[in-house]
Structure formats: structure tokens, C-alpha cells
Asks: 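Here it is: the structure, laid out below.
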Amino acid sequence: MKKLPLSFYRQTNVLEIAKMLIGKYLFTNVDGNLCGGMIAETEAYAGVTDRASHAYNGRRTERTKTMYLRGGVSYVYFTYGMHHLFNVVTAGKDVPHAVLIRGIIPTEGIEIQKIRRKMPSGEKQLTNGPAKVCQALGITLKHNGIPLTGNAIWISEEEKTRLPEDAIQLTTRVGVDYAGDDALLPYRFILKHPDYFPVRNRNKMT
DNA sequence: GAGTAGATCGGCT
DNA sequence: GCCGATCTACTCG
């Protein structure tokens with residue numbers, strides 16, 4: 001396993017990065033507990049022109065300023081009064097592209113993840129959603145804006161592994177109905193794997 | 001299996 | 001004052 005370098009995150013095509021992140025391994029070391037898993041689902045958020053993005057139309061607030069940092073840091077935000085969501089910031093400074101990590105297949109620290117999720121035996125439901133991933137891995141606002149090359153959150157890859165093109169399903173993003181036509185963009189990447197169970201897209205657009 | 005209400009609060013208009 | 005890049009539990013069938 002080899003930690004991804006900053007150059008990986010600083011590429012300019014956020015869709016390519018979202019696709020390449022599938023099959024890589026996300027790890028956290030929180031409270032001395034090493035946890036992680038294979039990334040199985042991502043969504044790309046393409047900056048100021050993407051109506052689904054928090055940074056649409058150049059919106060820059062206390063919350064979204066993290067997205068404008070140089071690629072290679074985390075963007076964690078709090079929503080629905082109870083959930084955290086974790087994103088990978090990509091591209092260069094002042095280019096607010098990001099990839100939402102929507103799901104993983106746990107491989108490390110599984111017992112800790114079950115305890116954090118209060119799910120002693122819920123294999124299929126443990127980390128198949130962005131808020132579930134954060135809860136299982138212990139990711140909170142304390143991790144907002146920190147480098148992904150450090151020792152709290154990082155992403156690694158196995159050397160000499162490349163997924164075949166047909167191992168990834170491409171579809172529309174979840175929960176972005178407010179984005180108009182941009183809700184129809186195929187920016188969601190899902191690993192086809194017997195141990196991963198993506199949630200249904202509740203997109204209400206006709 | 002499908003559909004929906006309720007939780008709960010920070011960010012934004 | 002409204003609502004969200006969500007999740008769970010509960011209903012109905």
C-alpha cells in the first residue's frame with residue numbers, strides 16, 4: 001500500500017479523479033484506532049459551474065472556503081443537524097472542485113466501525129452512504145481542511161492494480177434535485193462488487 | 001419492497 | 001425562517 005501523492009489530487013479533471021478513487025483505500029486514525037476500507041462509491045462536484053456544488057457561482061463562505069484550497073485536503077461539512085460528509089478537494093487553489101466519498105467496503109478496524117455505527121451485525125448497511133462512512137471512520141468537523149498526506153486521514157493504493165473499465169457503474173448524483181438540469185449529470189461512480197450495496201437514487205426528476 | 005415522517009441545527013437568503 | 005451532497009424506523013401491502 002502506497003499513500004497517494006499531492007500530485008494525484010492536483011490534477012484538473014475532477015471526473016477522472018472521482019473515477020480513479022474507486023478501488024483505492026481510505027484510512028483514518030482517530031483516537032488511536034486505525035480504520036479504513038476500499039472506496040466503492042464517489043460523486044464529483046465540478047466547481048463554480050456546477051449547480052449541485054456548494055461552490056456554485058463562486059459562492060465562498062465560511063463553510064465553503066475549504067473547497068478553494070489547493071487540492072489534497074479534506075472538505076468535511078455538517079448537514080441535516082446530525083450528519084458529517086467527507087470530500088476530497090482537488091485541482092488548484094481557488095478552483096473549488098471536490099469528490100464526495102459516498103461509500104466504502106470496510107477492510108480495517110471493522111469492529112470499531114460497527115461500534116461507532118451502533119450496528120453489531122449490519123454488514124450491508126455499515127458504510128454504504130456518505131454520512132455512514134464518516135460515522136464509521138470517526139470523521140468530524142475537526143478534520144475539515146487537513147491534508148490527505150498526513151496521519152489522520154489518507155488514501156492509499158495497492159501497487160500494480162487497475163480496475164477494468166466495466167467494473168465501474170456511472171449514474172446520476174443522489175439528493176441534488178435542487179440543481180435543475182445539473183442533477184442529471186452522470187457524476188456518480190459506483191464499484192460493481194458483491195460486497196457493496198449502493199442506496200437507491202431518490203432523484204425525483206421526471 | 002416501496003414510500004414517508006421525523007430527527008436536529010448550521011448555513012444561507 | 002427555510003432547508004439540506006442523510007439516515008432510520010415505521011407503515012402498508
Asks: So which atom in A:Val176 and which in A:Ala183 form the shortest heavy-atom distance, rounded to 0.1 Å?
Replies: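 Closest pair (atom of A:Val176, atom of A:Ala183, distance): O-CB, 3.3 Å.
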Asks: Can a donor-acceptor pair be found between the side chains of A:Gln135 and A:Arg116 at a distance below 3.5 Å?
Replies: no
Asks: Tell me yes or no: between the side chains of A:Lys124 and A:Asn128, is some donor less than 3.5 Å from an acceptor?
Replies: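 The answer is no; no qualifying pair exists.
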Asks: Should the ring pair A:Tyr80 and A:His83 be called parallel, tilted or perpendicular, given that the plane angle runs from 0 to 90° and is split at 30 and 60?
Replies: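 Perpendicular: the ring planes of A:Tyr80 and A:His83 meet at over 60°.
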Asks: If we ignore angles and hydrogens, is there a donor and acceptor under 3.5 Å between the side chains of A:Thr172 and A:Asn201?
Replies: yes
Asks: Nearest whole Å is fine: how far is B:dG11 P from A:Asn144 CG?
Replies: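 Taking CG of A:Asn144 and P of B:dG11, I get 10 Å after rounding.
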Asks: Measure from CD1 on A:Ile139 to C1' on C:dT6 and round the result to the nearest Å.
Replies: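 So the two atoms are 15 Å apart, to the nearest Å.
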Asks: Which whole-number value in Å describes the distance from A:Tyr77 OH to B:dC9 P?
Replies: 18 Å
Asks: Please confirm whether the shortest side-chain N or O distance from A:Lys118 to OP1 or OP2 of C:dT8 is below 4.0 Å.
Replies: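 So the side chain of A:Lys118 is outside the cut-off, no N or O lying under 4.0 Å from OP1 or OP2 of C:dT8.
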Asks: Could you tell me the separation between the CE atom of A:Met82 and the P atom of B:dC9, rounded to a whole number of Å?
Replies: 8 Å
Asks: With a non-hydrogen cut-off below 4.0 angstrom, is A:Arg117 in contact with a base, only sugar-phosphate, or nothing?
Replies: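 Here A:Arg117 touches the backbone only, sparing every base.
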Asks: For the residue pair A:Arg51 and A:Tyr178, would you count it as a cation-pi contact if the rule is NZ or CZ under 6.0 angstrom from the ring centre and within 45 degrees of the ring axis?
Replies: no
Asks: I'd like the C1' distance from B:dA5 over to C:dC3, given in whole Å.
Replies: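 The same atom, C1', in both gives a distance of 16 Å.
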Asks: Can you check the A:Asn201 CG to B:dA2 C1' distance for me, whole Å?
Replies: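 Between C1' of B:dA2 and CG of A:Asn201: 15 Å.
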Asks: Could you tell me how far apart A:Gln125 (CD) and C:dA9 (P) are, to the nearest whole angstrom?
Replies: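 Rounded to the whole Å, the gap is 10 Å.
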Asks: So which protein nitrogen or oxygen atoms get under 3.5 Å of nucleotides 10-13 of chain C's nitrogens or oxygens?
Replies:
none

Asks: Working to the nearest 0.5 Å, report the span between OH of A:Tyr45 and CG of A:Leu185.
Replies: 10.5 Å
Asks: What integer distance in Å separates A:Arg200:CZ from B:dG3:C1'?
Replies: 8 Å
Asks: Does anything in residues 48-76 of chain A come within less than 4.0 Å of DNA chain B? Heavy atoms only, and list the residues if so.
Replies: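 The stretch gives A:Arg59, A:Thr61, A:Arg63, A:Thr64 as the residues lying under 4.0 Å from the strand, ordered by number.
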Asks: Taking NE2 from A:His84 and P from B:dG11, how many angstroms apart are they, rounded to a whole number?
Replies: 11 Å
Asks: Could you list the residues that satisfy side-chain hydrogen bond (donor to acceptor under 3.5 Å, both in side chains) with A:Glu159, not counting sequence neighbours?
Replies: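 Result, side-chain hydrogen bond (donor to acceptor under 3.5 Å, both in side chains) vs A:Glu159: none returned.
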Asks: Give every residue pair that meets the salt bridge (Lys or Arg N to Asp or Glu O under 4.0 Å) criterion with at least one member in residues 29-43 of chain A, sequence neighbours excluded.
Replies: A:Glu41-A:Arg102, A:Glu41-A:Arg188, A:Glu43-A:Arg102
Asks: Kindly express the pairing pattern of DNA chain C in dot-bracket notation, using | wherever a base pairs with another strand and counting only Watson-Crick or G-U pairs under 3.5 Å.
Replies: ||||.|||||||.
Asks: Assign the ring pair A:Tyr75 / A:His54 to parallel, tilted or perpendicular, where the plane angle (0 to 90°) is split at 30° and 60°.
Replies: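 Judged by the thresholds at 30° and 60°, the geometry between A:Tyr75 and A:His54 is perpendicular.
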Asks: Return the stacking result for C:dA5 and A:Tyr45: yes when the ring centres lie under 5.5 Å apart and the planes under 30°, no otherwise.
Replies: yes
Asks: Could you list the donor-acceptor pairs under 3.5 angstrom formed by side chains in residues 108-115 of chain A, with sequence neighbours left out?
Replies:
from: A:Gln113; atom 1: NE2; to: A:Gly36; atom 2: O; distance (Å): 3.2
from: A:Gln113; atom 1: NE2; to: A:Glu108; atom 2: O; distance (Å): 2.8
from: A:Lys114; atom 1: NZ; to: A:Glu123; atom 2: OE2; distance (Å): 3.2

Asks: Choose from C:dC7, C:dA5, C:dG4 the nucleotide whose nearest atom is closest to any side-chain atom of A:Tyr80.
Replies: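 Given the options C:dC7, C:dA5, C:dG4, the side chain of A:Tyr80 is closest to C:dG4.
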Asks: Between C:dT8, C:dT6, B:dC9, which nucleotide has the shortest distance from any of its atoms to the side chain of A:Phe78?
Replies: B:dC9
Asks: Just to be sure I understand the rule, does A:Leu85 reach a base, reach only the sugar-phosphate, or reach nothing, if contact means heavy atoms closer than 4.0 Å?
Replies: sugar-phosphate
Asks: With a 6.0 Å cut-off (strictly less than), is the heavy-atom count around CG of A:Asn151, excluding the residue itself, greater than 12?
Replies: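 No, not enclosed.
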